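Computed from a predicted model, the values in this text were never measured in an experiment. Residues take their numbers from the sequence shown, with the count starting at 1.
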Amino acid sequence: MNYGLDNFVSQPPIGAISSLFMICGLDALGLLILKVLRFDLTDKKDFWLRFQSPLIGTAALLFIASPIVLVGFFKSGVPIIFAYFLGLLGLKHLIVNFSRWKSKGLVATLNIKHIKLMDWSVIIILFAFTLLSLAPITEADALDYHIGGAIEILNTGAFPFRPEWFHSRLVGSGEILIAIGLSVGAEQFSSLLQLLGLACIVSIFLAKAGTDKKEREWLALTIISTPCLLALVSTAKPLMLPCAMTTSALMILHSNLTGDLSHKNRKNIVWTYFLICMLAMTAATMKANFMLSAAIVAGLGLFPILKTKEWKLGISPIFIMFLAIIFPFLLWKYTYFNGIGVLDLFKVFPGDWPGYNRFKDALLDYRGNRQILFPFSLIFPAGLGSITLILGVGVFYLLSFFNIRKFRDRYIVIASLCLITGYTLFGQLDSRFFLEPFIWVLLAYKFRGINIKPSSYLQSNLLKLAISTQALGTFFMIFFGVIYLFPGALSMEWRKSVMIKSAQGYDVMLWVNKVLPKDAVLVSAHRSNGLSPRKTIPLDWYPFVKDNREAIETYLSLIAASRPKFILLRSATDKFEKGELPKSSSQIPCIGKFYAGPTPVKTATRNPFYLREKAIPLNYYVWLHHFDVDCLNTTVDKENIDN
């Protein structure tokens with residue numbers, strides 16, 4: 001078994017090139033699905049779907065791969081087969097399309113003089129995002145359970161069943177895609193998937209008629225200049241991709257299932273709703289919050305079908321897709337984590353495991369831009385370090401809903417309002433979770449069906465100036481990120497330098513790799529589990545049960561099964577008395593004799609302003625102890641717990 005992200009990275013730039021071929025493979029697969037479902041992409045009405053084919057290809061890929069992971073057979077070359085299939089399909093797709101473009105003279109007739117300033121703005125920002133997405137993975141969440149979960153899938157062939165690793169309960173089908181990329185060293189595949197999600201969303205606004213061309217361009221610029229995208233597009237964090245899937249599903253509903261359906265072919269209605277359900281429900285398996293948006297889109301899609309009095313046309317696809325896509329995930333969690341009762345089947349954390357209620361509350365309570373009162377925290381940052389935690393000036397488009405009664409497309413409006421209400425009442429009040437309803441609001445505005453007077457602030461030069469300023473600021477931040485991070489995609493030496501500067505815990509794990517035996521099993525108080533070069537058991541459960549003796553014994557007994565020999569501790573501050581060890585951030589029993597350290601390390605981040613704003617220590621210490629497994633077979637000393 002291999003551990004640590006470095007062991008799953010090809011020599012640059014091979015990984016980046018492989019990732020691009022695999023992305024093209026998803027596009028080819030999606031086009032094939034659209035042809036099988038008999039969508040006519042030459043029809044002007046459905047032409048916009050051509051740019052959604054990568055999303056459809058991704059959903060189709062997961063439709064096949066997810067059951068294999070759920071039954072535990074996603075190893076022994078299986079993910080490599082998926083990766084090579086995508087890569088070869090993508091290479092063929094590129095060759096065929098280039099030959100077609102060349103034969104039609106499309107390459108030679110491309111005239112950049114016809115590209116206007118607004119077009120250039122969108123193109124340049126998307127290109128900058130592409131370069132940023134090719135950089136090494138440095139985001140903290142990604143280096144914890146997104147990469148860590150993908151590596152666990154590659155090593156075991158199944159989703160991680162490790163109750164003591166709390167964050168592993170957040171792993172979903174998005175980590176299957178990450179695992180497929182890492183199986184062939186394509187580190188950038190997961191980041192490019194998030195960029196792909198953004199590109200597909202933007203294409204809806206540019207390729208589908210709804211308002212005049214200029215307004216479509218302003219809406220597209222509003223989306224790609226959204227500040228929080230800097231933190232979401234360029235990392236292995238499955239959020240933009242499922243957001244694009246639900247948005248695409250809502251758009252298919254608007255475009256193909258509204259109006260008079262009585263004259264439409266029955267099969268076309270069924271296949272259209274099938275596609276909506278497949279996209280929405282696949283998104284729901286990536287992250288729990290997309291359960292709500294998937295339910296809203298799939299539920300609203302039933303209404304126009306039921307109006308035809310052919311209720312079987314709607315019930316059959318939604319029932320079949322639920323059983324095929326979502327239910328296996330729910331059943332897997334319920335079975336492995338000892339669910340109790342029928343209601344546990346639909347819980348994010350089924351089973352009566354100690355500490356998980358507090359863990360769930362901590363997740364819901366998290367808000368990066370906490371200093372600003374919600375909902376103003378979606379627009380205004382608390383400082384330079386919080387700029388990537390906001391949605392920006394585009395939120396003002398929500399005020400267009402004051403004319404909600406005049407909007408022709410009620411489905412997008414209802415979906416937007418339901419999602420905003422649901423996330424506000426039951427979700428995390430953080431901008432990244434409101435990105436999806438934010439995009440839906442812009443969709444509703446684009447397809448509103450009414451004219452906005454030039455005197456309205458939504459058509460004013462002031463709002464356009466604000467969007468332009470935001471776009472310029474976003475570009476400079478992306479440009480800084482490209483200069484700072486992109487070199488890591490070009491050589492292994494530069495990658496190591498980028499990781500040391502920007503990836504939290506990379507220097508820690510380099511030190512761990514030097515001082516520990518190769519077969520060591522490690523208990524770690526450091527969060528970057530995806531970087532650990534040894535089999536690692538996280539201590540992320542401890543803060544949620546530290547006052548519960550029985551719960552501590554429960555998780556220590558689970559740890560004992562892996563027979564760990566060492567424990568990595570980190571200091572709470574950067575200060576300690578000479579001749580003594582720093583105070584550890586985790587005070588648990590079974591810590592044995594001192595082994596190595598303490599060694600000073602730096603707090604690394606992609607956003608240097610964030611450390612100063614949050615008053616996070618720039619330096620801290622890590623050290624190693626032996627782990628006393630024998631103490632796990634005895635009664636835990638309450639005095640040790642209390643200390």
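With a 6.0 Å radius and a threshold of 12 heavy atoms from other residues, nucleotides or ligands, Lys501 has its NZ atom above the threshold. At most 12 non-hydrogen atoms from other residues, nucleotides or ligands lie less than 6.0 angstrom from CG of Asn461. Counting heavy atoms of neighbouring residues, nucleotides and ligands inside a 6.0 Å radius, atom NZ of Lys464 exceeds 12 of them. By the 6.0 Å contact criterion, CZ on Phe303 is open, its count of non-hydrogen atoms from other residues, nucleotides or ligands being 12 or less. Within 6.0 Å of the CG atom in Asn451, the count of heavy atoms belonging to other residues, nucleotides or ligands does not exceed 12. Shown here is Phe479, whose CZ atom has no more than 12 heavy atoms of other residues, nucleotides or ligands within 6.0 Å.
How far CZ of Phe480 is from CG of Leu230: 11.0 Å, rounded to the nearest 0.5 Å. Between the CE atom of Met22 and the CG atom of Leu29 there is a distance of 12.5 Å, given to the nearest 0.5 Å. We find the CE-CG distance between Met499 and Leu5 to be 5.5 Å, quoted to the nearest 0.5 Å. Atom CD of Glu187 is separated from atom OG of Ser19 by 8.5 Å, given to the nearest 0.5 angstrom. Residue Met240 holds its CE atom at 10.0 Å from CG of Leu196, rounded to the nearest 0.5 Å. Atom CE of Met291 sits about 10.5 Å away from atom CG of Asn289, to the nearest 0.5 Å.
The side-chain heavy atoms of Thr58 and Thr282, taken from C-beta on, include no pair separated by under 4.5 Å. Side-chain contact between Arg216 and Lys208 is absent, with no heavy-atom pair separated by less than 4.5 Å. Between Leu292 and Leu419 the shortest side-chain heavy-atom distance falls below 4.5 Å. Contact check for Cys418 versus Thr421: no side-chain heavy atoms found under the 4.5 Å cut-off. Taking 4.5 Å as the limit, some side-chain heavy atom of Ile276 sits within range of a side-chain heavy atom of Leu257. Contact annotation: the side chain of Phe486 never approaches that of Val498 to less than 4.5 Å [non-hydrogen atoms, C-beta and beyond]. Put simply, the side chain of Pro381 does not reach to within 4.5 Å of the side chain of Ile372, judged on heavy atoms. Under the 4.5 Å side-chain criterion, counting only non-hydrogen atoms from C-beta, Leu49 is in contact with Leu41.
In this structure, Ile325 and Met281 approach most closely via the heavy-atom pair CG2-O, 3.6 Å. The two atoms that bring Ser173 and Ser66 nearest to each other are CB-OG, 4.1 Å, heavy atoms only. Arg495 approaches Gly488 most closely through the heavy-atom pair CB-O, 3.2 Å. The shortest non-hydrogen separation linking Gly197 to Leu55 is CA-CD2, 4.5 Å. Across all their heavy atoms, Ala284 and Ala294 have their closest contact at CB-CB, 3.9 Å.
Separation of the Phe438 and Phe434 ring centroids does not fall under the 6.0 Å cut-off. Between Tyr423 and Phe433, a ring centre-to-centre spacing not shorter than 6.0 Å is recorded.
Counting only distance, with no hydrogens or angles, the side chain of Thr469 and the backbone of Leu465 share a donor-acceptor pair below 3.5 Å. Judged by distance alone, the side chain of Glu139 and the main-chain N or O of Ala236 form no donor-acceptor pair under 3.5 Å. Remark: the backbone N or O of Thr222 is paired with a side-chain donor or acceptor of Thr226 at under 3.5 angstrom. Of the possible donor and acceptor atoms, one in the side chain of Arg408 sits under 3.5 Å from a partner among the backbone N and O of Gly449. Without hydrogens or angle criteria, Ser460 side chain to Tyr457 main chain gives a donor-acceptor distance under 3.5 Å.
The pair Arg448-Glu215 counts as a salt bridge, with a side-chain nitrogen and a carboxylate oxygen less than 4.0 angstrom apart. A salt bridge links Asp365 with Arg370; the closest basic N to acidic carboxylate O contact falls under 4.0 Å. We find that Glu217 and Lys116 are not joined by a salt bridge, their nearest charged nitrogen and carboxylate oxygen being 4.0 Å or further apart.
For Tyr506, there are no ring-ring contact (aromatic ring centres under 6.0 Å, His included) partners at least two apart in sequence or on another chain. For Tyr145, the ring-ring contact (aromatic ring centres under 6.0 Å, His included) criterion is met by His167, not counting sequence neighbours. Not counting sequence neighbours, Arg358 has no partner by the salt bridge (Lys or Arg N to Asp or Glu O under 4.0 Å) test.
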Test side-chain contact (heavy atoms from CB on, under 4.5 Å) on Ile420 and Val441; report intermediate values, then the result.
CA-CA 9 Å; Ile420 291 171; Val441 167; 3.9 Å; yes
Might you work through the side-chain hydrogen bond (donor to acceptor under 3.5 Å, both in side chains) test for Ser203 and Gln52, ending with a clear yes or no? CA-CA 8 Å; Ser203 70; Gln52 308 304 302; 3.0 Å; yes
Practice item. Dump the intermediate steps for side-chain contact (heavy atoms from CB on, under 4.5 Å) on Asp540 and Arg527, then the final yes or no. Key: CA-CA 8 Å; Asp540 61 348; Arg527 192 184 177 200; over 6 Å; no
Check the pair Ile379, Leu391 against side-chain contact (heavy atoms from CB on, under 4.5 Å), reporting the backbone distance first and the verdict last. CA-CA 6 Å; Ile379 307 173; Leu391 296 176; over 6 Å; no
For Cys228 and Leu435: C-alpha separation, side-chain torsions, deciding distance, then whether side-chain contact (heavy atoms from CB on, under 4.5 Å) applies.
CA-CA 8 Å; Cys228 71; Leu435 179 64; 4.3 Å; yes
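Looking at Ser234 and Arg606, their side chains do bring a donor and an acceptor atom within 3.5 Å of each other. Thr474 and Ser225 share no side-chain donor-acceptor pair at under 3.5 Å. No side-chain donor-acceptor contact under 3.5 Å links Lys45 and Ser255. At a cut-off of 3.5 Å, with distance as the only test, no side-chain donor of Ser528 or Gln504 sits close to an acceptor on the other residue. For Thr247 and Trp440, the side-chain atoms include at least one donor-acceptor pair closer than 3.5 Å. A donor-acceptor contact closer than 3.5 angstrom is absent between the side chains of Thr272 and Asn256.
Residue pairs that meet the ring-ring contact (aromatic ring centres under 6.0 Å, His included) test with at least one member in residues 401-420, sequence neighbours left out, are Phe401-Phe407. Contacts classified as salt bridge (charged side-chain N to carboxylate O under 4.0 Å, His left out) and involving residues 412-431 (residues at least two apart or in different chains) are given here: Asp430-Arg432.
Using cut-offs of 30° and 60° for the angle between ring planes, the Phe51 and Phe47 rings count as perpendicular. Note: Phe544 and Phe166 have parallel aromatic rings, judged against thresholds of 30 and 60 degrees for the angle between ring planes.
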Output side-chain donor-acceptor pairs under 3.5 Å for residues 125-134, partner residues at least two apart or in another chain, one line each.
unit_1 : atom_1 : unit_2 : atom_2 : d
Thr130 : OG1    : Leu126 : O      : 2.9
Ser133 : OG     : Phe129 : O      : 2.9

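At least one cation-pi condition fails for Arg367 and Phe374: the charged atom is not both under 6.0 angstrom from the six-membered ring centre and inside a 45 degree cone around its axis.
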